[in-house]
Amino acid sequence: MDIFEALFTRRSIRKFTSADVSDADLEIMLRAAMAAPSAHNRQPWHFVVVRDKALLAEIANRHPYAKMAAEAPLAIVVCANPAEAKEPRYWQQDCTAALENMLLAARGKNIGTVWCGMHPLEDRVEPIRQLLKIPADINVLALVVAGHPAQPFDEVDRYREDKVHHNGW
């Protein structure tokens, strides 16, 4: 798939078929995530891959906007070890770049994803941290729910000239 097709047709997909995401496609998604830029190339990211149906159902119960996880074949929690970051405050930027690469790689493989925010809301982070036994010194950024889409990847033009400022505000 052309990179621009992936960019302009990537959507939040919340309905999935029952088909599993292959190990090969998952690896491509993770490889793409790890190809993202990071401050001083420190790569502080870590990924918790969840395929267990009971855990996916419990994620759906614990995250208010991840109900679709109960029907999805896969979820990935994007985390960071701040001790591995160039500077402790950069982990969010580093992991967000990795997460976006993951979403685009998934789209390139015709896998649907939805990004469910967690950080900085502790009422979203802590229940997932406890469920997946993520250590306290590891920061949790977000949850990506993924699967083969049961809804279309519609293209929407979101370009707005009024959001563009040249040579100053």
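Starting from 1, each residue takes its place in the sequence as its number. Basis for what follows: all heavy atoms, side chains included, without hydrogens, waters or symmetry-related copies.
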If hydrophobic clusters are built from ILVMFWY residues whose side chains come within less than 4.5 Å, do [X] and [Y] share one?
| X | Y | result |
| --- | --- | --- |
| Trp115 | Val77 | no |
| Met68 | Met102 | no |
| Leu104 | Phe4 | yes |
| Ile59 | Val48 | yes |
| Leu143 | Ile138 | yes |

Checklist line | Stepwise side chain to side chain contact (heavy atoms under 4.5 Å, CB included) test for Glu71 and Phe16 | finding: CA-CA 7 Å; Glu71 303 303 320; Phe16 306 100; 5.7 Å; no
Straight-line distance of [X] [atom1] to [Y] [atom2], nearest 0.5 Å:
| X | Y | atom1 | atom2 | result |
| --- | --- | --- | --- | --- |
| Arg42 | Tyr90 | CZ | OH | 12.0 Å |
| Cys79 | Phe47 | SG | CZ | 9.0 Å |
| Glu5 | Leu7 | CD | CG | 10.5 Å |
| Met118 | Arg62 | CE | CZ | 10.5 Å |
| Asp162 | His165 | CG | NE2 | 7.5 Å |

Residue pair [X] / [Y]: nearest heavy atoms and the distance that separates them:
| X | Y | answer |
| --- | --- | --- |
| Gly112 | Pro149 | N-CD, 3.7 Å |
| Val21 | Arg51 | O-NH1, 2.9 Å |
| Asp52 | Ala54 | OD1-N, 3.0 Å |
| Ala80 | Cys95 | CB-SG, 3.5 Å |
| Glu84 | Gln43 | OE1-O, 3.9 Å |
| Ala142 | Leu99 | CB-CD1, 3.6 Å |

[X] side-chain N/O to [Y] backbone N/O, donor-acceptor pair under 3.5 Å:
| X | Y | answer |
| --- | --- | --- |
| Arg10 | Ala106 | no |
| His148 | Asp20 | yes |
| Arg14 | Val145 | no |
| Asn101 | Ala32 | yes |
| Lys53 | Ala72 | yes |

Please tell me if the side chains of [X] and [Y] come closer than 4.5 Å, counting only heavy atoms from C-beta onward.
| X | Y | answer |
| --- | --- | --- |
| Gln151 | Arg11 | no |
| Leu30 | Val49 | yes |
| Trp91 | Leu141 | yes |
| Ile134 | His46 | no |
| Val114 | Ile13 | no |

Check: So, is the end of the Arg107 side chain (NZ or CZ) under 6.0 Å from the ring centre of Phe153 and within 45° of the ring's axis?
Finding: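 Arg107 over Phe153 ring: yes.
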Notebook entry, point to check: How are the rings of His63 and Tyr65 set to each other: parallel, tilted or perpendicular (split at 30° and 60°)?
Noted result: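 Ring orientation of His63 relative to Tyr65: perpendicular.
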Notebook entry, point to check: Taking Ile111 as the fixed residue, which of Leu103, Leu26, Asp25 is the one that meets the side-chain contact (heavy atoms from CB on, under 4.5 Å) rule?
Noted result: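 Answer to the side-chain contact (heavy atoms from CB on, under 4.5 Å) test with Ile111 among Leu103, Leu26, Asp25: Asp25.
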Check: Hey, mind stepping through Lys109 and Ile28 against side chain to side chain contact (heavy atoms under 4.5 Å, CB included) and telling me if it holds?
Finding: CA-CA 9 Å; Lys109 299 301 284 182; Ile28 285 179; 4.0 Å; yes
Next item on the list: Applying side chain to side chain contact (heavy atoms under 4.5 Å, CB included), run through Asp94 and Lys86 and close with a yes or a no.
Entry: CA-CA 10 Å; Asp94 295 343; Lys86 163 64 178 160; 5.9 Å; no
